[in-house]
Amino acid sequence: MSEFQTKLHSVPSGGFLTDRDKDKKPILDVRELGIDFGGLTAVDGFNLMIGRNEITGLIGPNGAGKTTVFNLLTNVYQPTRGSILIDGMPTAGKKTYQVNRMGVARTFQNIRLFKELSVIDNVKVGLHESMKYNLASSLLRLPNYWKEEKKCTERALELLDIFHMADLVNAQAGSLPYGAQRRLEIMRALATSPKLLLLDEPAAGMNPSETAELTETIRRIRDEFNIAVLLIEHDMSLVMGICEGIAVLNFGRIIAKGTPDEIRNNPQVIEAYLGKKEG
Ligand SMILES: Nc1ncnc2c1ncn2[C@@H]1O[C@H](COP(=O)(O)OP(=O)(O)OP(=O)(O)O)[C@@H](O)[C@H]1O
């Protein structure tokens, strides 16, 4: 059961926002998004609005188009049609790293860490994105470089401390247990200071206690970093437990949007997805 009793409010520009976010500019506003791969329409007529501090779930059967939506939101794929606004700014024509700088960070279905590097160096990779020194000061190791590098190490240690990984600073990323690798990947994404964090199946391969810990981590991220989270997940205990809004995708189209209770009881969703998983 979700502990959130939040109602979703429809707002004048279309879409729904939570009580908490309804008077603020949404962090994500997607209109009529679609992409075709040759003759295959993978996503079509996709509309989604996410409030600044909302945790939203994107669920649906395998092959429904969920990861494709993430690839569209980060401009890995250019949409065939439709528009995406991040904090009111269009992402059209931007490169993936520019979308990251606009405030969108993501993790992947298959963990992508620098497994040979230490835990702290993995976090610092994320932080380097936002560091201020230029190429010359980096290559020549000018004073500004060392100042920024020190700040970067301090920030990485802070992040690791928040997620109870301070004692693993020098461990090799690839040697960590699965759950900790997932957490590290999330931390690396957070290091870029996103306003919207996209998590692609963060609980995949986790045991129940790791999933419970992850649920808590996601909640803390929203609360302590004051950001929004959009997550793709098949683990319904996690989705129903922390999401305020849920969108259900089937064959590339949203078939339902609502609170966990609305989604759980929606006959179309039960037919297309939940019935098959839980029935
Ligand atoms: N680059 C691509 N070229 C061609 N087809 C693609 C490409 N990327 C995705 N697709 C197709 O788009 C559809 C949606 O795939 P997608 O991976 O987004 O689904 P999904 O909902 O994330 O599935 P899962 O839950 O299994 O991860 C599939 O039919 C897939 O084969």
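Numbering of ligands and ligand atoms starts at 1, following listing order. Keep in mind that this is a model prediction, so the values were computed, not measured.
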Any chance the side chains of Asp36 and Thr41 put a donor and an acceptor closer than 3.5 Å?
yes
Judged by modelled atom types alone, do Thr259 and Asp261 share a side-chain donor-acceptor pair under 3.5 Å?
no
Between Tyr77 and Phe37, does the ring-ring contact (aromatic ring centres under 6.0 Å, His included) criterion hold? Intermediate values first, please.
CA-CA 10 Å; Tyr77 296 155; Phe37 296 111; 5.2 Å; yes
Taking only heavy atoms of the protein into account, state which residues are under 4.0 angstrom from an atom of ligand 1, in chain and number order.
Phe37, Leu40, Ala42, Pro61, Asn62, Gly63, Ala64, Gly65, Lys66, Thr67, Thr68, Tyr77, Gln109, Glu201, His234
Report the C-alpha distance between Asp121 and Phe114 in whole Å, list the side-chain angles of each, state the deciding distance to 0.1 Å, and finish with yes or no for side chain to side chain contact (heavy atoms under 4.5 Å, CB included).
CA-CA 9 Å; Asp121 282 344; Phe114 297 102; over 6 Å; no
With hydrophobic residues grouped by side-chain heavy-atom distances under 4.5 Å, do Met187 and Ile227 end up in a single group?
yes
If you define the side chain from C-beta out and look only at heavy atoms, does anything of Phe108 sit under 4.5 Å from Leu113?
no
